[in-house]
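Just so it is clear: chains get the letters A, B, ... in the order the sequence lines come, proteins before strands, and each one is counted from 1. This one's a predicted model, so the numbers in the text were calculated from it and none came from an experiment.
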Number of protein chains: 2
Amino acid sequence: MGHHCTVDVQLEKLGLVPFFRQLSAEELQKVNEMFRAKHCAAGDVVYYQDEPASYLRVLVHGSVKLIQHTTEGKDILVDMLKPGEYFGSLSVLGDDHYTETAVAQSDSCILVIANREFRDILNSRPAVAVTVLDITSEKLNKAREMTRHFTTMAVEKRIAHILITLCEKFGEESKHGQLLQVPLSRKDIADMAGTSTETASRIMSRFQENGFITSGRQWVAIRDKEGLTAIMGS
Amino acid sequence: MGHHCTVDVQLEKLGLVPFFRQLSAEELQKVNEMFRAKHCAAGDVVYYQDEPASYLRVLVHGSVKLIQHTTEGKDILVDMLKPGEYFGSLSVLGDDHYTETAVAQSDSCILVIANREFRDILNSRPAVAVTVLDITSEKLNKAREMTRHFTTMAVEKRIAHILITLCEKFGEESKHGQLLQVPLSRKDIADMAGTSTETASRIMSRFQENGFITSGRQWVAIRDKEGLTAIMGS
DNA sequence: GCACTAAAATGAGCCGGATCAATCAAGTGC
DNA sequence: GCACTTGATTGATCCGGCTCATTTTAGTGC
């Protein structure tokens, strides 16, 4: 089945979405009515890569990962989303297809809107459009940074970097240190770093020996962020 | 020094920029007055990575490459621009810095606007904002595709892909085949593919032997695009 | 608590591509 | 036309990380 959240919670969460935060209560209400809520269980596929793309989505609860499949059979984990982030398709052009597969990583609640309707929102509310643009250019910068890291840094450094980034986004204090609030396997890490599961595993073991992290099946906690940062510059 | 173009040419070119194409003649005139023209000679640096970023630019004539420098001393060629494309900073936040260095690859004419002013344009003209958003999400998709290629494909395939992409963007018919209308060294190719100059050179030689390309100092022409496409799926 | 399943760890061998080093060739300035 | 500079080529060596194969371990269902 999956997670369920009430209409009230939806409205509240929608108000927290960066590009809707600036809207007045009544405007938010109007926008909210244009969305349709969908609940997903962990592991559910929200949409598949190459499928015709005509919906934009906003994650309200849970976590979603974006994966690109390659002809070689390798997967790339492009992004991991937390509540408040948008995904899916922005474009209104007919022949647009999803460039990645979206999978719910844990039970999630997702708001869906036809991108034609979303366009209407953007066209009538410039401030929203500009904010969406900001977020998108930010993501563009991140994506380019990622390319840079892939091509210049050794796998160990890439993984250190990934852990730090995840820690900033998903970390929450626990007895083990900053526990990442998201299921995270060795394969996930490998797909993010563009390496093999084995290599990811080896490096994670090394990090654990050095006391940088504590980790188990599908979970990771960062103990010593400075240690990881140090790895990156050496 | 560098290239010079008249105010009339500027206005005309500005009208060709995708996100201004929809403006009326008088609006375009108004927008044009907000820009300041700058001329660059081949090799000139337009701005440096990490410099505080407060200007948005539109390339009117020539070509510009965007390069990210890394701590390891390696460079990544992130994008190559042709007239009509924007670059620089979109953000209005104070602590924003350029994420890459922009270098004129040939004599160029560039229109410059303070991004605060550009924001005003966006805020008052939603259609422009939405178009800029479209272009930016397109670039985001491209950037992610690039990441995918870097991590999954062997160097040979990456270079084949890069040549095909460049051919579509810069190729013009000539006696040698599709001649790329942009200076392009082995190092440029290597920086785009995330490999060493030596490896890039070796692969380019192989392509030349196979009759896929013809190439000399700083120039490349594609003879057999299908051949290159075939390389990619094998 | 025990069996079962899927994730994680570990080992050994191999190869693509980086690096270092030297040579070659195409323009450029005089 | 000749020396010079800089891009391009080619060769030899070495190593990080991939692959294949095996073992270990943490959770799950009963």
Side-chain angles (χ1 to χ4, degrees), chain A residues 41-43 65 70 72-77 105-106 149-160 162-163 176 179-180 182-210 213-221 231 234, chain B residues 41-43 65 70 72-77 103 105-106 149-160 162-163 176 180 182-210 213-221 231 234:
Chain A
K65 55 183 178 184
T70 65
E72 271 92 353
K74 239 188 177 182
D75 294 343
I76 300 295
L77 211 169
Q105 239 173 335
S106 46
H149 284 171
F150 272 121
T151 36
T152 37
M153 308 201 310
V155 178
E156 189 183 49
K157 293 189 183 189
R158 275 183 259 161
I159 293 186
I162 287 164
L163 290 176
H176 290 298
L179 180 65
L180 304 185
V182 83
L184 192 70
S185 69
R186 293 294 182 268
K187 174 158 172 34
D188 288 331
I189 294 169
D191 287 349
M192 273 186 272
T195 185
S196 64
T197 326
E198 294 92 331
T199 301
S201 179
R202 276 181 249 270
I203 288 169
M204 291 294 279
S205 302
R206 214 184 304 161
F207 284 172
Q208 191 141 7
E209 275 168 35
N210 296 9
I213 61 169
T214 309
S215 141
R217 241 175 143 78
Q218 312 251 42
W219 65 268
V220 179
I231 287 283
S234 57
Chain B
K65 56 183 178 184
T70 65
E72 272 92 354
K74 242 188 176 182
D75 293 343
I76 300 294
L77 210 168
V103 182
Q105 239 173 336
S106 46
H149 285 172
F150 272 120
T151 36
T152 38
M153 307 201 311
V155 179
E156 189 185 47
K157 294 190 181 188
R158 274 183 261 161
I159 292 185
I162 286 164
L163 290 176
H176 290 297
L180 304 185
V182 82
L184 191 71
S185 69
R186 294 294 182 266
K187 175 158 171 33
D188 288 331
I189 294 169
D191 287 349
M192 272 186 272
T195 186
S196 62
T197 328
E198 293 93 333
T199 301
S201 178
R202 275 181 250 268
I203 287 171
M204 292 293 280
S205 301
R206 214 183 304 160
F207 284 171
Q208 191 140 5
E209 277 168 34
N210 296 8
I213 61 169
T214 309
S215 141
R217 240 176 144 78
Q218 312 251 42
W219 64 270
V220 179
I231 287 282
S234 55

Nucleotide D:dG17, atom P - distance to CD1 of A:I189 in whole Å: 16 Å
For B:K74 and A:T151: C-alpha separation, side-chain torsions, deciding distance, then whether side chain to side chain contact (heavy atoms under 4.5 Å, CB included) applies. CA-CA 9 Å; B:K74 242 188 176 182; A:T151 36; 5.6 Å; no
In whole angstroms, the gap separating C1' of C:dC24 from CE of B:M204 amounts to 18 Å
Would you classify A:T195 as touching base, sugar-phosphate or nothing, given that sugar-phosphate means primed atoms plus P, OP1 and OP2, and contacts are heavy atoms under 4.0 Å? sugar-phosphate
Under the 3.5 Å rule, do the base of C:dT10 and the side chain of A:R186 count as making a donor-acceptor pair? no
Should the pair B:E72-A:K157 be classified as a salt bridge under the 4.0 Å nitrogen-to-oxygen rule? yes
In whole angstrom, what separates B:Q208's CD from D:dG7's C1'? 14 Å
Contact under 4.0 Å: A:S201 side-chain N or O vs C:dA9 OP1/OP2: yes
I would like to know whether B:S185 and B:R217 meet side-chain hydrogen bond (donor to acceptor under 3.5 Å, both in side chains); could you show each step before the answer? CA-CA 7 Å; B:S185 69; B:R217 240 176 144 78; over 6 Å; no
Have a look at B:S185 and say if it touches a base, only the backbone sugar-phosphate, or nothing, with a 4.0 Å heavy-atom cut-off. sugar-phosphate
Report yes or no: is there a donor-acceptor pair, N or O only, under 3.5 Å between the side chain of B:R202 and the base of C:dG16? no
Nearest-Å distance, CE (B:M153) to P (D:dC18)? 17 Å
Rounded to whole Å, CD of B:Q218 lies from P of D:dT5 at a distance of 18 Å
Please report the distance, rounded to the nearest Å, between CD in B:E72 and P in C:dT19. 10 Å
Upstream residue (5' side of DNA chain D) when A:G194 and B:L184 are each assigned their closest nucleotide: B:L184
Inspect the contact between A:R206 and A:E156 and indicate whether a charged nitrogen and a carboxylate oxygen are less than 4.0 angstrom apart. yes
Interatomic distance, A:D191 CG vs D:dC18 C1' [rounded to whole Å]: 14 Å
Per nearest nucleotide of DNA chain C, the residue lying toward the 5' end, B:R217 or A:E209, is A:E209
Using a heavy-atom cut-off of 4.0 Å across all strands, would you classify A:S205 as base, sugar-phosphate, or nothing? sugar-phosphate
Would you say a side-chain N or O of B:T199 is under 4.0 Å from OP1 or OP2 of C:dG17? no
Protein-nucleotide distance (A:W219, atom CH2; C:dA7, atom P), rounded to Å: 17 Å
If you take all heavy atoms of B:F207 and B:L163, which pair is closest and at what distance? CD1-CD1, 3.8 Å
For the base of C:dC20, is there a side-chain donor-acceptor partner from B:E198 under 3.5 Å away? yes
